[in-house]
Amino acid sequence: MKISARGLNRSTLARQLLLRRERIGAAEAVRKVVALQAQQPASPYLALWNRTVGFDAADLDGAFARGTVVKSTLMRITLHAVHVDDFRTFREAVHPLLRAGRIGDPRFAASGLTAEDADLLVPELLAFGDRPRTGAEYEAWIQERVGAAPKSGAWWALRHYTPLVHAPTTPPWSFGERPSYVAPPDPPAPAGPEVSDAALRTLLLRYLEGFGPASAADMAQFALVQRARVRRVLETLTGDLERVEGPDGEVLFDVPDAPRPDEDTPAPPRLMAMWDSTLLAYADRSRVIPPAYRATVIRRNGDVLPTLLVDGYVAGVWRPTEGGIEATAFHDLPAETWDALAEEAGALTTFLATRDPRVYRRYNHWWAKLPVGETRVLPGA
């Protein structure tokens, strides 16, 4: 089977619940879309608002409080919100990346601790995390445990390397600027190569369920693991996957019977959250982001602006402002598209009103660097 570029776009939108909102609870929605980037506390909420019918933020609050959805450092050494049923496997899959990326960092080396010290500290840190504790409490514990005052690189590395999860702290989005950490009920042990590869096998299958069809390079980018390792694990999945020919003849992989809508399937406009996973889950991000706009919406420091999704592709950016949502389009949009965006903006301002009407305001400095485009203030409801 061959699939077009627009066909890939529609497949992603269908699996990410962006062709139409579904009537589904927060925890199950997170499981269905695989993972939501969560370095900005509001973003998982806005991601689910875009994907579910009548989304109630309290539903996700409750999922975080009960631990059915957890927030932790996972793929790409980035904070993600995932269903608890996926957490252990995902963590084991990316264990080699997390260990190398943090224990091998010069900032950890400057702390005076060794990799062996870190490996010994991890299970004790998990035991100490029997209840939510602040970063300062963990740092004091490390100092007491090693009998000296290691530099800050010790906790910086260990808070990512140790399989801790973030504990809900403050409103409006469950997590504040000063995180607390707690051990999960069933923490994954440090994974050796065989366990890690078995876990990566499951992670790749889950990734394809939420983001496929995709290439080996796409999968490697999503998890930030070596392409050679992805290819090795894919060889063990030969009987479980379908091969699809991509737009340029490349080999793509997919799970059987996954939705692949017709390329002409309508895609309604959406006001996407900052760092929405759909924009970042591929090596070839042109599936959703036109190449001309990539550097505008993904800044050099890694910030990913809240975007307008029009006909399935990034067409501009948005931010809350006095009186509604300020939308800037990078190319001309027809009147009916602006009308649909205005309807979304009205619903979004209603959603934000009781939580954080000026969400993402700390990132407003990027707007001075935007290209010339048509800007409209879409009034709130």
Side-chain angles (χ1 to χ4, degrees), residues 8 11-12 15 33-37 39 70 72-80 82-83 85-106 108-109 115-116 118-119 122 157-158 160-164 187-246 248-256 258 277-287 302:
L8 286 176
S11 294
T12 293
R15 299 178 203 194
V33 300
V34 181
L36 296 172
Q37 285 204 210
Q39 60 266 62
V70 297
S72 185
T73 302
L74 291 165
M75 290 73 69
R76 302 189 297 286
I77 321 183
T78 297
L79 287 170
H80 282 82
V82 301
H83 195 282
D85 291 349
D86 285 324
F87 172 68
R88 184 184 182 95
T89 301
F90 288 4
R91 183 76 193 205
E92 289 173 348
V94 299
H95 171 80
L97 164 72
L98 292 171
R99 187 179 191 279
R102 288 300 178 255
I103 305 305
D105 191 282
F108 176 76
E116 291 73 21
D119 291 338
V122 164
L158 286 165
H160 297 124
Y161 173 43
T162 306
L164 298 165
E194 290 186 3
V195 171
S196 187
D197 278 1
L200 182 60
R201 186 179 190 273
T202 300
L203 174 58
L204 297 185
L205 289 171
R206 293 283 292 118
Y207 168 78
L208 291 174
E209 289 173 1
F211 296 97
S215 68
D218 292 327
M219 293 180 239
Q221 168 62 30
F222 175 77
L224 201 62
V225 301
Q226 301 92 337
R227 292 187 186 184
R229 185 177 168 215
V230 168
R231 292 190 186 99
R232 183 176 72 245
V233 172
L234 284 173
E235 289 176 0
T236 71
L237 289 167
T238 303
D240 299 309
L241 298 179
E242 295 179 354
R243 290 183 177 235
V244 180
E245 183 182 348
D248 298 318
E250 68 273 33
V251 176
L252 306 178
F253 300 88
D254 204 4
V255 289
S277 303
T278 308
L279 278 60
L280 299 169
Y282 304 97
D284 180 4
R285 292 173 179 170
S286 65
R287 182 180 299 215

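Annotation: side-chain contact (heavy atoms from CB on, under 4.5 Å) contacts of E209 (sequence neighbours excluded): R206, V255. In this structure, the salt bridge (charged side-chain N to carboxylate O under 4.0 Å, His left out) partners of R229, at least two apart in sequence or on a different chain, are D197. Every residue two or more places apart in sequence or in another chain that forms a salt bridge (charged side-chain N to carboxylate O under 4.0 Å, His left out) with E242 is listed here: R260. Taking the ring pair (Phe, Tyr, Trp, His ring centres under 6.0 Å) definition, one finds that Y161 meets it with H95, sequence neighbours left out. Under the salt bridge (charged side-chain N to carboxylate O under 4.0 Å, His left out) criterion, R76 pairs with no residue at all, not counting sequence neighbours. With sequence neighbours excluded, the residues that form a side-chain contact (heavy atoms from CB on, under 4.5 Å) with T89 are A199, T202.
The distance from atom NE2 of H80 to atom CD of Q39, rounded to the nearest 0.5 Å, is 7.5 Å. Note that the CE atom of M75 and the CZ atom of F90 stand 5.5 Å from one another [nearest 0.5 Å]. Considering NE2 of H160 and CD1 of I103, their distance stands at 11.5 Å, rounded to 0.5 Å. In this structure, the separation between CG on L74 and CG on L98 is 7.5 Å, given to the nearest 0.5 Å.
By the 30° and 60° cut-offs, the orientation of the rings of F222 relative to Y207 is tilted.
Across all their heavy atoms, L252 and G246 have their closest contact at CD1-CA, 3.6 Å.
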(message) Walk me through whether L8 and T12 qualify under side-chain contact (heavy atoms from CB on, under 4.5 Å).
(response) CA-CA 6 Å; L8 286 176; T12 293; 5.7 Å; no
(request) Begin from the C-alpha positions of V94 and L224 and carry the test side-chain contact (heavy atoms from CB on, under 4.5 Å) through to its verdict. (result) CA-CA 8 Å; V94 299; L224 201 62; over 6 Å; no
(request) Could you go through the side-chain contact (heavy atoms from CB on, under 4.5 Å) check for L205 and L241 one step at a time? (result) CA-CA 9 Å; L205 289 171; L241 298 179; 3.6 Å; yes
(request) Before giving the answer on salt bridge (Lys or Arg N to Asp or Glu O under 4.0 Å), spell out for E235 and R231 the whole-Å C-alpha distance, their side-chain angles and the decisive distance to 0.1 Å. (result) CA-CA 6 Å; E235 289 176 0; R231 292 190 186 99; over 6 Å; no
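Side chain of R15 to main chain of V33: no donor-acceptor pair is present (N/O by atom type, distance under 3.5 Å, no hydrogens or angles). Checked by atom type and distance alone, the side chain of S196 pairs as donor or acceptor with a backbone atom of E92 at under 3.5 Å.
Sparse packing is recorded around CZ of R227, with 12 or fewer heavy atoms of other residues, nucleotides or ligands lying under 6.0 Å away.
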